[in-house]
A.B. asks: 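Before I ask anything, let me first share the structure, which is written out below as structure tokens.
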Amino acid sequence: MNRPRHRLRTILTLAYLNGIIPIQTQPLYLVNVVASPFSFLFFIAIASQGRLLGYGVAGGMLLTVLSIGTSLQTDMSHYKQDLKLQDLLVASPVEAPVYVAGLALSELMYSLPAMALFIVLLYLYTSVTVLGAVTIALVLLLVWGFASALGFTLATYFQDVRETFAISPLISIGLTVLPPVYYPISYLPGWVHPIAYLSPTTYAADLLHGAVGLGGPDLTGGAIDWAVLIAFTLGLLVLASLKARWREP
Amino acid sequence: MEPAVIARDLTKVYPKARAGPPALSKVNLSIPAGQVYGLIGRNGAGKTTFVRIAATQLMPTGGSITVLGRDAVADASEVRRRIACVPQESRPLYFLDVDQLVYLYLRLRGMDRSEARRRTDSVLEELGLSAVRKKLVNQLSGGMRRRAMVAMVLASDAEVVYLDEPTTGLDPLARREVWGAIRRASQEHRTVLLTTHYLDEADALSARLALLEGGEVRLEGTPSDLRARIRHPYRVTVEGVLGRSELQSYGEVSDIASGFLVFARESSARDLAIFALGKGARVSMGPVSLEDIFLQVVGRSIEEEASEGAES
Ligand SMILES: Nc1ncnc2c1ncn2[C@@H]1O[C@H](COP(=O)(O)OP(=O)(O)OP(=O)(O)O)[C@@H](O)[C@H]1O
Ligand SMILES: [Mg+2]
């Protein structure tokens, strides 16, 4: 039996059944994913009279990819608690990392239209180099990785979907509102900086700001940003593989 | 042939229930390969707990369990390749149609396209779901939905299939369609571990049965073993003419709408039948049903619990 091919098949099947099929039956799902990053972008662009548009786009992309983690967690909690889908898949050849990768890919489908709009905005209003584009892709890939690992781990702990609704917003605020995602860190008062540096999204945003041509990365040419982001992503992947409750204790 | 599932002193105490009695305590069961095995018992007896541990969904807290010769705790990934399960109260993904549900499940398990297609078509046919194959799952009735879940796992190539109350909520005809599919699975030498509250179903399908009560195995064996194991393996109904006092010496008497039901040993049952017929009563006689066994065994333990409670 060819294991890597089987795994890939399973991942694509999950992405198809949880991504493409629901979108085909209800295309409005896509609007939902576009709505919140674009309303932020709109406010920021208007309030700054266009000066912070680049920050709005960078922040919007980050928020969109982070929200994949939230959707993943909500879907997974629902599937686990209400449908007993996790139990169904545990008792099958589908392995936990494959399940997470498949659903993470399916959630990515929902954000593709939003990402396409952001790319158009970047093209029209900023001067992104090839290196910048590669940076954006890699940063978002890492964010996608840690958001999914976090979403999965949390989902396996919740006993009830309603707990999800209580906790997810807190995590979202910690990751997207407090850290300087939508504006340069220099806008924050000095005493807030140490707090902002606790969040991995601060480092991701710093790299993105640099990539869209907004001066940065502020931190030693990006080396620290990359190191923290990669370490955080790996850390969460390790945490997920050790602590996520695929089998109930 | 080696048993498909072997549990030795299997024990489960749920993390949040440290104070109460264990959900399973030192359960020893050996489930033969290639047969249907029934697990019965009251609500809370531990059936689902056992199934979930055997299906690698739940950790035991003591003892051991092997599935197809592999340790279900240490070698879970080997076991998982060869099993399938319909959990109790599981529901299908509602935005799929019936065909997609079965077909995509098989694809997720790694089956190739043509094989998955072939098996999907045949299982839908077999379980009477062909007519609704293009219907969205959330437009089906509850029983149809349950049938679609059973179809999914029976279509798989799993060697051990766990069905936790697969027929709850099905009409009598639909139940028999599911029975047919379960029997066919065992004819293909697959092992089916089934829990059910329908004791006629357990009787009709299971080569062997275990009756769980309070996390322990109370009775185990073939349906006829179970009959041989209880005190009163025969049931006699007596209608008309005779009163309770005339019947009491033959066995355990209880009231039914049309007269009396007496549980008795074989010889007393025969004597009672001859006596009652001689008096002109209407009599019917036969071996106890699984339900009678269940009530005798579980009923007695409830009485014991009650009297222990009264003493303390
Ligand atoms: N997640 C859990 N946490 C704590 N206790 C549990 C949990 N699940 C089950 N129990 C307890 O374990 C015991 C066995 O439950 P189990 O679900 O195995 O019973 P069952 O025989 O399947 O019952 P039913 O026929 O109602 O499905 C019960 O006392 C139940 O309250
Ligand atoms: Mg149960």
Side-chain angles (χ1 to χ4, degrees), chain A residues 1-29 75-76 78-99 101-103 105-106 110 156-157 159-161 241 245-249, chain B residues 12 14-16 48-49 51-61 67 72-73 76-97 100-101 103-113 116 136-138 145 149 152-153 156-158 160-162 164:
Chain A
M1 201 168 28
N2 186 338
R3 297 245 102 228
R5 242 189 84 198
H6 269 210
R7 290 193 178 109
L8 185 63
R9 173 185 296 173
T10 306
I11 290 172
L12 295 178
T13 306
L14 280 166
Y16 172 70
L17 81 78
N18 196 55
I20 295 176
I21 294 179
I23 292 172
Q24 280 171 344
T25 43
Q26 182 49 279
L28 279 176
Y29 284 135
D75 270 3
M76 280 186 172
H78 173 51
Y79 293 167
K80 174 172 183 265
Q81 307 303 336
D82 304 333
L83 308 186
K84 309 278 185 245
L85 180 71
Q86 185 173 319
D87 267 2
L88 187 109
L89 291 177
V90 168
S92 87
V94 179
E95 299 144 314
V98 168
Y99 178 59
L103 285 201
L105 193 62
S106 77
Y110 294 85
T156 65
Y157 275 83
Q159 303 288 325
D160 181 334
V161 181
S241 68
R245 292 176 166 174
W246 188 237
R247 167 163 32 189
E248 197 181 309
Chain B
K12 176 68 188 179
Y14 282 97
K16 283 180 187 162
T48 297
T49 304
V51 168
R52 293 190 68 216
I53 293 173
T56 74
Q57 297 156 344
L58 180 68
M59 278 291 198
T61 43
V67 178
V73 175
S77 59
E78 288 299 319
V79 170
R80 285 167 179 161
R81 260 171 238 168
R82 300 165 70 187
I83 62 174
C85 176
V86 179
Q88 184 177 10
E89 288 175 352
S90 58
R91 289 192 286 135
L93 274 172
Y94 36 85
F95 46 76
L96 302 180
D97 65 34
Q100 285 171 329
L101 182 79
Y103 176 77
L104 292 174
Y105 174 74
L106 299 181
R107 294 286 289 158
L108 285 180
R109 292 187 63 106
M111 203 178 273
D112 59 42
R113 277 204 181 84
L136 284 188
V137 169
N138 67 352
R145 237 177 266 168
M149 299 291 291
M152 252 165 71
V153 299
S156 77
D157 54 3
V160 180
V161 175
Y162 301 96
D164 198 350

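In what follows, chains are A, B, ... by sequence order, proteins preceding strands, each numbered from 1. What you see is a predicted model, and the numbers here were worked out from it, not measured in a lab.
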A.B. asks: As an exercise: rank B:K12, B:R80, B:M59, B:R109 by heavy-atom pairs under 4.5 Å with chain A and give me the winner.
C.D. replies: B:R80

A.B. asks: Go through the atoms of A:L17 and report whether side chain, backbone, both or neither lie under 4.5 Å from a heavy atom of chain B.
C.D. replies: both

A.B. asks: Heavy-atom cut-off 4.5 Å, strictly under: side chain, backbone, both or neither for B:Q100 against chain A?
C.D. replies: side chain

A.B. asks: Please name the residue in the list A:D82, A:L85, A:L88 that meets the side-chain contact (heavy atoms from CB on, under 4.5 Å) test with B:R91.
C.D. replies: A:D82

A.B. asks: Please classify the contact of B:P92 with chain A as side chain, backbone, both or neither, using a heavy-atom distance under 4.5 Å.
C.D. replies: backbone

A.B. asks: When rounded to the nearest 0.5 angstrom, what distance separates CD in B:Q57 from CZ in A:R247?
C.D. replies: 9.5 Å

A.B. asks: Sub-3.5 Å donor-acceptor pair from the side chain of B:T56 to the main-chain atoms of A:A91, do we have one?
C.D. replies: no

A.B. asks: Could you measure the distance from the OG1 atom of A:T13 to the CG atom of B:L106? Nearest 0.5 Å is fine.
C.D. replies: 10.5 Å

A.B. asks: Taking side chain as everything from C-beta outward and backbone as N, CA, C, O, which of these in B:L93 sits under 4.5 Å from a heavy atom of chain A? Side chain, backbone, both or neither.
C.D. replies: both

A.B. asks: Could you measure the distance from the OH atom of B:Y105 to the CG atom of A:L89? Nearest 0.5 Å is fine.
C.D. replies: 7.5 Å

A.B. asks: So which part of A:Y99 gets closer than 4.5 Å to some heavy atom of chain B, the side chain, the backbone, both or neither?
C.D. replies: neither

A.B. asks: Can any side-chain N or O of B:R52 pair as donor or acceptor with the backbone N or O of A:D87 at less than 3.5 Å?
C.D. replies: no

A.B. asks: Can you name the closest pair of heavy atoms from B:G110 and A:R9 and give their distance?
C.D. replies: O-NH1, 2.8 Å

A.B. asks: Nearest 0.5 Å please: distance from the CD atom of A:Q81 over to the CD atom of B:E89.
C.D. replies: 12.0 Å

A.B. asks: In terms of heavy-atom pairs under 4.5 Å with chain A, which of B:S156, B:P87, B:A55 leads?
C.D. replies: B:P87

A.B. asks: Which of the residues A:V90, A:L83, A:V94 is involved in the greatest number of heavy-atom pairs with chain B at under 4.5 angstrom?
C.D. replies: A:L83

A.B. asks: Heavy-atom cut-off 4.5 Å, strictly under: side chain, backbone, both or neither for B:Y94 against chain A?
C.D. replies: side chain

A.B. asks: Report which part of A:L12 has an atom under 4.5 Å of a heavy atom belonging to chain B: side chain, backbone, both, or neither.
C.D. replies: neither

A.B. asks: For the CG atom of A:N18 and the CG atom of B:L104, what is their distance to the nearest 0.5 Å?
C.D. replies: 11.0 Å

A.B. asks: Is it the side chain or the backbone of B:M152 that comes within 4.5 Å of chain A heavy atoms, both, or neither?
C.D. replies: side chain

A.B. asks: Looking only at heavy atoms, which two atoms of B:L58 and A:P249 are closest? And how far apart?
C.D. replies: CD1-O, 3.8 Å

